[in-house]
J.: 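First the structure, which I've put down as structure tokens, then a few questions once you've had a look.
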There are 2 protein chains.
Amino acid sequence: MARGSQRPVTVHTIARHVGVSPAAVSTVLANRHEERRLAPATVERIRQAVRELGYVPNVAARRLRAHDPGVHSMDLGILTTFEAPLFLVSRTLRQVQRAVDARSAPDRRFSVSIDMFHAGRLRELPGLLSASRFNGVIISNTTPEDDAFLRSISLPYAVVVQGRRLANYSCVLETPGAGGCQAAEILRRAGCRQPVVLTPALLTETTADRAEAFVAALEATGGRATGRLVADGFTPASGAAAVRAHLATHPGCDGIFAVTDTLALGAYQAIKAAGRRVPADMAVIGVGDHEHGDFFDPPLTCVGPSYDRVVEEIVALLFRLMSRRRESPAEVFVPPEVTLRGST
Amino acid sequence: MARGSQRPVTVHTIARHVGVSPAAVSTVLANRHEERRLAPATVERIRQAVRELGYVPNVAARRLRAHDPGVHSMDLGILTTFEAPLFLVSRTLRQVQRAVDARSAPDRRFSVSIDMFHAGRLRELPGLLSASRFNGVIISNTTPEDDAFLRSISLPYAVVVQGRRLANYSCVLETPGAGGCQAAEILRRAGCRQPVVLTPALLTETTADRAEAFVAALEATGGRATGRLVADGFTPASGAAAVRAHLATHPGCDGIFAVTDTLALGAYQAIKAAGRRVPADMAVIGVGDHEHGDFFDPPLTCVGPSYDRVVEEIVALLFRLMSRRRESPAEVFVPPEVTLRGST
DNA sequence: ACTTGCGCCTAAATCGATTTAGCATTTTCC
DNA sequence: GGAAAATGCTAAATCGATTTAGGCGCAAGT
């Protein structure tokens with residue numbers, strides 16, 4: 001990459017412009033000109049130059065300088081896409097924070113932040129490759145492009161990947177195949193004859209796996225070839241649209257497995273709007289990734305890993321990686337649990 | 001604060017320990033020992049020391065060094081509490097990102113992250129005071145303690161505060177009093193005789209204002225003294241518990257104004273569980289801060305500012321502050337809008 | 001005249017990691 | 001045997017901001 005040509009405006013630039021030393025500029029920027037007795041006229045000239053030249057402080061430099069050598073500080077990141085809903089991320093964050101609070105000490109500080117990238121463009125996240133932003137990260141909601149990118153490189157710090165298997169990283173994910181099978185089983189027992197799976201167009205590895213396992217399980221138990229509904233996005237609105245269209249052409253449909261809960265929420269609306277009832281006319285299963293699935297009407301039956309278990313594993317793994325340097329990558333599978341509620 | 005005593009493990013520490021130069025250590029850490037022809041034995045000794053001494057790279061130093069002087073980079077932060085739900089924050093982030101994407105150029109890069117603090121402990125957020133983390137921030141969901149802290153200091157960079165008025169900062173908030181009045185008016189028109197307001201125990205300035213304005217408006221229009229339900233937290237479960245208890249003792253209650261939508265969701269459940277109907281037996285109003293209010297059953301009537309408008313204003317203000325240094329603080333009020341849906 | 005003190009400012013070190021230029025050896029090759 | 005090449009490493013500069021120790025000139029005090 002070609003380096004930019006214009007040099008940035010630094011304290012030196014300003015100092016030269018005004019005809020003082022960088023020390024004077026720094027003093028003014030920190031508002032310590034009184035105690036260090038700079039002449040008011042000088043202060044004003046410096047302030048003027050700062051404004052005119054559009055000075056922007058370099059946070060990395062400030063941080064390096066301000067850094068207390070006696071304090072270990074660790075920067076942790078939770079990386080996810082803009083496109084994904086944040087419920088899950090917020091639970092991850094809370095757990096990470098709990099872990100961090102427990103481990104913090106006067107000489108050991110952590111900072112945790114959520115950074116987002118556009119789906120498929122993880123590689124553009126600044127500082128990821130140069131290892132100049134984080135000491136450890138949790139990566140979730142990646143698309144296949146992002147996965148390919150991750151596979152092609154090796155990040156030189158602690159990384160835990162959530163929801164997919166990448167050979168060179170530590171991963172935590174739902175036991176492959178399990179969720180889809182359980183959903184198929186529940187719908188079969190509920191007597192559904194024409195169940196379908198509802199997925200977003202953009203699949204992550206986990207959602208794709210759930211859908212495939214579901215279809216495979218149905219076929220294995222002698223079910224008929226079931227439809228596969230594809231919603232435009234992850235939102236309830238797109239879920240509702242997909243279900244509405246399906247019901248119009250397939251009135252016999254009597255069961256839906258939604259691979260994300262927000263889609264299930266949309267399905268509810270379309271089903272009710274079509275004059276049907278959940279679960280009497282149609283059973284619905286979600287995966288428990290919506291914070292408030294229990295407050296859906298009726299409460300949503302789910303098959304999916306306990307998210308708290310998943311996050312616990314992730315956090316434990318992350319801290320293990322950070323303390324022992326160079327542990328070989330681990331794979332942790334969390335089996336999905338069945339939460340039977342009112343929708344089946 | 002006393003500085004820690006132990007010096008951190010740096011490349012120098014390792015270099016001294018192994019008996020090589022820091023350059024060699026750095027080379028190994030970057031995995032460039034092949035191209036720079038370090039002896040395999042040396043590489044192994046360095047790796048060993050890195051592991052033994054528990055080296056943790058200093059990200060600030062790396063970033064400073066890796067920094068391309070031709071590229072302006074701006075670090076933006078969205079600061080919020082752990083306790084607050086993330087729906088809103090994620091919308092803020094999306095808007096900020098859109099603004100940032102539009103302004104990015106080869107010589108101008110932004111990074112946006114969400115950083116969280118414990119309610120009331122904003123002051124502990126690392127780098128906030130030393131200005132060594134962000135070039136600009138959006139602060140939301142602060143508690144009165146945090147507000148007091150913010151009032152007592154002056155952050156030397158671009159700051160926009162959401163949802164409260166602080167004299168020395170730029171703020172964007174709902175027009176005070178408006179939301180509560182509108183809610184009262186809607187419930188009055190719906191013929192409610194015993195409306196209550198449902199709030200979490202921990203109030204932000206905005207939620208407190210809504211509740212107060214609501215009670216005041218009811219009293220002003222000759223309504224009777226109305227109850228005030230206090231839920232333990234923000235969750236649907238705590239909302240449901242509060243409403244359940246209230247209905248048991250006040251069977252005549254026929255309207256609820258919930259100052260957050262998650263509480264409204266809980267209210268729905270308690271109402272339905274008590275064998276009542278929304279809106280026939282009881283009207284419910286929320287504030288439109290839940291992403292999926294339209295998919296509640298029935299869809300939730302809301303009075304609240306268009307969140308997108310709020311965020312638009314915030315983002316515009318933030319970028320104005322960052323480009324023009326030292327603009328005097330602005331206050332922007334966004335009037336709440338009424339979204340009539342099925343719950344009233 | 002000589003110190004003392006004040007007002008105003010600067011030089012240089014520092015934070016930690018990385019890279020470029022280059023220095024000693026040793027080996028290879030004609 | 002001597003030049004050229006390869007091997008294995010280091011010194012020092014650099015990124016940008018901040019702080020400490022201290023310098024220089026001038027006025028006041030003795």
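The chains referred to below are lettered A, B, ... by the order of the sequence lines, with proteins before strands, and numbering in each begins at 1.
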J.: With the sugar-phosphate defined as primed atoms, P, OP1 and OP2, and the base as all remaining atoms, what B/S/- string results for nucleotides 15-23 of chain C, 5' to 3', for protein heavy atoms under 4.0 Å?
T.: BBBBB----

J.: Using whole Å, what does the distance between atom P of nucleotide D/dA6 and atom CD of B/Glu34 come to?
T.: 17 Å

J.: Less than 3.5 Å apart, any donor N or O on the side chain of A/Arg164 or A/Thr206 sitting next to an acceptor on the other?
T.: no

J.: Categorize B/Thr42 for me: base, sugar-phosphate, or nothing, with a 4.0 angstrom heavy-atom threshold over every strand shown.
T.: sugar-phosphate

J.: Are B/Arg103 and B/Phe110 in a cation-pi contact, defined as NZ or CZ under 6.0 Å from the six-membered ring centre and within 45° of the axis?
T.: no

J.: Mind calculating the distance between NE2 (A/His33) and C1' (C/dT10) to the nearest angstrom?
T.: 19 Å

J.: Looking at residues at least two apart in the chain, or sitting in another chain, which of them share a salt bridge (charged side-chain N to carboxylate O under 4.0 Å, His left out) with B/Glu205?
T.: none

J.: Check B/Thr92, B/Val112, B/Leu76 against B/Gln97 for a side-chain contact (heavy atoms from CB on, under 4.5 Å) and give me the one that passes.
T.: B/Val112

J.: Give a yes or no on whether a salt bridge exists between A/Arg63 and A/Asp75, defined as a side-chain N under 4.0 angstrom from a carboxylate O.
T.: yes

J.: Rounded off to whole Å, could you give me the CD-to-C1' distance for the B/Glu44 and D/dG8 pair?
T.: 17 Å

J.: For the pair A/Arg51 and A/Glu44, find out whether any cationic side-chain nitrogen is under 4.0 Å from an anionic carboxylate oxygen.
T.: yes

